[in-house]
Amino acid sequence: MVFSSLEFLFLFLPLVALLYFIFPVKLRNGLLLCASLFFYAWGEPVYLFVMLGSIVMNYVFGLLIGKASTPGRKKAALAVGVAGNVLLLGAFKYTGFFAENLSALTGLTLPIKEIALPIGISFFTFQAMSYIIDVYRGNAQAQKNPLDFGLYISLFPQLIAGPIVRYSTVAGEIKERHIDFSLAADGIKRFVTGLAKKALLANSAGLVWDTLTKNGAETSAVSAWTAALMFSFQIYFDFSGYSDMAIGLGRIFGFHFEENFNYPYVSRSVTEFWRRWHISLGTWFREYLYIPLGGNRKGTGKQIRNILIVWLLTGLWHGASWNFVLWGAYYGVLLLLEKLFLKKFTEKLPVFLRHILTLLAVLFGWVLFAFDDIMLVPKFIGSMIGLNGLSDAYSPQLAASNAALTVILALASLPLGKILSERFKEKIGEKSALFGIAETAWFIILFILSVAFIVEGTYNPFIYFRF
Amino acid sequence: MKNRIFVSVFSLLLAALSVFTLAMPKKDFSDNENRTLAKFPELTFENVKDGGFTLGFSEWLSDHFIWRDAWVSVKAAVSVAAGRRENGGVYLTKDGSFVDGFSDEDAEFFETNVNALKSFCETVKSGYNIDVISIIAPTATVVYEEKLPQFAVTADSDALFEKLGEIPGFVDLRSAMEQNSGEYIYYRTDHHWTYKGAYFAYEQYEKAIGRTPLNENVFAIETVSDEFFGTLYSRFGLFMNKNADTLCAPAKTALGEMKVTNSKGETCDSIYSEDALGKKDKYLYFLGGNDSLIKIETGSATGKKLLLIKDSYANSFLPYLIPDSSEIYVVDMRYYTGAVTELIEEAGITDVLVLYNLKSFASDRYFRFINE
């Protein structure tokens, strides 16, 4: 089930919320677990068993690691547990990709069977690994209650597309959490903001991108730049909207998830961009891979190696396809260059130039990211530099009908709304009735408009569901 | 307190929409959108396993969501406010009327169909010594090009009409339509022409075959509905725009007695379908829609046996032909599977008229079967 669907908004959510608040505290985890399993099974009835398998496996390894009598056994249990997770992810996500490339390399014809990807498997597998590693490190106690552990893995707000919640951050709240009106109000506001980002902004931008690239990558420069810009907006509003909805829903039920996005498009360097984009994934890789590999503490050579490993895997995490590997490598190299050489140079540049350079680097990254068929990338870049003409017959119409949308998208990706509402709050006072009414009206309008776009919307994909 | 109110307001809003959606009686057909709505999916093990049930459920919920038309309108209105003047391939013009888009992509079969029509004219001329008359009518996109939103991209109709001019017996309606563009010749909410547009076409047709057109008064035009919301209105989705069209037609009495036989062999005494006036698409009043072959035996004694090969534009044009012919065979190439030449032979056809609008002629993948 997706958040931006009528069945979620008007059947699942009201029912689960109602039961949650009338149930005694003891039964709430059970209710949330049942609801989460139903939520997953709605879209993936068969793969529910894959997720249940992952839950059982990691529950057992958590206990084994927790109870291991010697450090050696503890380490062995962790190694087998991590391997089990990597195998599970590999089997469902990368089998086809590796078989295909192995065939191409060796000339053998391996029987390639396309396996459909279980939704959210990359997210819940990473969460499960964070759990067994946290237990191994002693940052968390092994969870003895299988239902509570199942709830951690399957908790529906963040099940399908993150944020990747590390076990240590929610272990306490799984056991005991507090709910009240102020938290619920915050949660609703956050959820509605995310819903509007998704339904109003991401889908509108995505539709333009799809229309412009449906006939391939060869098009005029105006179309290619518009398309790339629209994809950049789509992926940001799509993914950060989903994270907002997840965080908001979490609050309603008393959970505090960590932030996942922090206005990435205001960054002044690529390093800063990655501190603001998909923060939970970056944190995961830093905590569980980069630092264990030695991070930056073992000399520049090792650091370069570690950064490249982390970024190739970050790329591959996004999908079993060469363009994602290339995209990861691109950022690995870019971050290294920035760290080692460019920083000294770019820091002297005027701020606006640094913004523009960063945005261009990110935009180019999205071009790599957007085309599953890597052969289309050079063609599309050719279009961007004008090899197929600067403009075409549709360019004026394209510009006229998307001018307003572009301005809205650009403004919405800046922290402008946040700043304005803070000012407004200061000026008339947070406690004043006027502020309350204005705020309520604003969120109702956003909600109504989002629902209108969902009711009519035939176009409603979630990009990050593929990962 | 503030948070309590905020949470309550949202909870009530959600609950109200949920309960209303579930409690409201369900419709099978959306008049505004002019389509059948999704049915509740079957709850079987197979259907649940392969995800068909949940998909079907989503469609069902969206189609039967409370005040669906209002939501659709809100979305269309927001798009318009954001500068979009096109939705579902339909343009909203400055005066609030809708015009069907017509781009190069819609002209996929234009060349094929022009060639098919040319060779059809030759076959009929050499085989039966009949001069085929062809009318490919300009649509509102052509006549009202200046009314379209700025930068709207349309196919180059001048180039298309130049090509059409090569067809023997082609009647170009452009100047007649453009001269009368101040009149109500196209519907504001539908892609068809009105009784008026069809009448100007009839005048040109009669002139082309060397006859004098009857005066409009002879046909005793009457209003059959003043609440017609056509297909463009449905496709654009801006349902609060209440600029309804008026549907007029020559009075039944003015056309005299006739016998109409449809492809199933059923007969009736009128080319009008009163039933259609109770439905959404009131243009179906003319002929009750499209059929592969309809035979009309009129009361007129001209002895002319006309074969009319046509699209739906001809449906509202047909009444004017009643006094003109004794028998009319109306063929729709999208549904007709027989050989057209055999029909000419068997029925003893004396005149042939091909009548399409430019867009449907340019995009019709069945027209080429006219030679088979």
Side-chain angles (χ1 to χ4, degrees), chain A residues 1-2 5-7 9-11 13-15 17-18 41-46 180-189 191-192 200 204 252 392-405 408 430-431 433 435-437 439-440 443-444 447-449 451-458, chain B residues 1-11 13-22 33 45 47-51 53-55 57-79 81-87 103-104 149-154 237:
Chain A
M1 205 180 296
V2 299
S5 69
L6 298 175
E7 57 269 26
L9 293 172
F10 296 103
L11 296 174
L13 183 60
L15 194 66
L18 181 72
W42 182 262
E44 296 276 2
V46 178
D180 62 28
F181 278 105
S182 125
L183 208 53
D186 273 0
I188 292 171
K189 287 173 204 165
F191 180 82
V192 173
L200 303 178
S204 304
I252 296 173
D392 56 53
Y394 287 88
S395 299
Q397 190 193 8
L398 183 70
S401 56
N402 292 305
L405 177 66
I408 293 169
E430 194 179 346
K431 294 246 158 60
F435 184 78
I437 291 167
E439 199 184 28
T440 309
F443 283 105
I444 285 180
F447 183 72
I448 297 277
L449 291 182
V451 173
F453 273 60
I454 291 167
V455 170
E456 224 273 306
T458 40
Chain B
M1 186 61 198
K2 204 185 78 185
N3 289 325
R4 208 173 279 250
I5 295 172
F6 184 83
V7 172
S8 311
V9 166
F10 258 90
S11 306
L13 185 65
L14 269 191
L17 290 170
S18 310
V19 170
F20 287 164
T21 295
L22 292 179
E33 291 175 79
F45 177 74
N47 211 11
V48 170
K49 199 185 104 193
D50 67 15
F53 177 79
T54 56
L55 222 61
F57 184 86
S58 298
E59 279 172 25
W60 175 83
L61 189 62
S62 154
D63 273 6
H64 300 278
F65 195 67
I66 184 80
W67 306 312
R68 181 178 162 83
D69 290 349
W71 297 107
V72 172
S73 303
V74 167
K75 185 183 174 190
V78 171
S79 303
R84 295 273 163 98
R85 292 290 176 272
E86 185 257 301
N87 198 8
S103 67
D104 288 329
Q150 212 181 355
F151 310 126
V153 179
T154 53

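Each chain gets a letter, A, B and so on, in the order its sequence line appears, and its residues count up from 1.
- Between the CG atom of A:Leu6 and the CD1 atom of B:Ile66 there is a distance of 12.5 Å, given to the nearest 0.5 Å.
- Counting heavy atoms from C-beta on, the side chains of A:Ser401 and B:Arg85 never come closer than 4.5 Å.
- For A:Ile448, the parts lying near chain B are the backbone and the side chain together; criterion is any non-hydrogen pair under 4.5 Å.
- Heavy-atom pairs under 4.5 Å with chain A peak, among B:Leu14, B:Leu13, B:Val72, at B:Leu14.
- Residue B:Ser58 holds its OG atom at 11.5 Å from CD1 of A:Ile454, rounded to the nearest 0.5 Å.
- At least one side-chain heavy atom of B:Phe57 sits less than 4.5 Å from a side-chain heavy atom of A:Leu11.
- With respect to chain B, the highest number of heavy-atom pairs below 4.5 Å among A:Gly436, A:Ser182, A:Gly187, A:Ala404 belongs to A:Ser182.
- With a 4.5 Å cut-off on non-hydrogen atoms, A:Ile444 touches chain B through its backbone and its side chain both.
- Summarising the geometry, atom CZ belonging to A:Phe443 is positioned 7.5 Å from atom CZ belonging to B:Phe10; distances are rounded to the nearest 0.5 Å.
- Considering CG of A:Leu449 and CH2 of B:Trp71, their distance stands at 9.0 Å, rounded to 0.5 Å.
- Contact record, B:Ser18 with A:Pro14: OG-CG, 3.9 Å, taken as the closest heavy-atom pair.
- Side-chain contact between A:Thr440 and B:Val9 is present, with heavy atoms from C-beta onward closer than 4.5 Å.
- B:Arg68 approaches A:Val455 most closely through the heavy-atom pair NH1-O, 3.3 Å.
- How far CG of A:Leu200 is from NZ of B:Lys75: 10.0 Å, rounded to the nearest 0.5 Å.
- Interface residue B:Ser103: only side-chain heavy atoms are found under 4.5 Å from chain A.
- Interatomic distance, CG of A:Asp186 versus CG of B:Asn3, reported as 7.0 Å (0.5 Å rounding).
- With a 4.5 Å cut-off on side-chain heavy atoms, B:Leu22 and A:Phe10 do not count as touching.
- In this structure, chain B has a heavy atom under 4.5 Å from the side chain of A:Phe447, while its backbone stays farther away.
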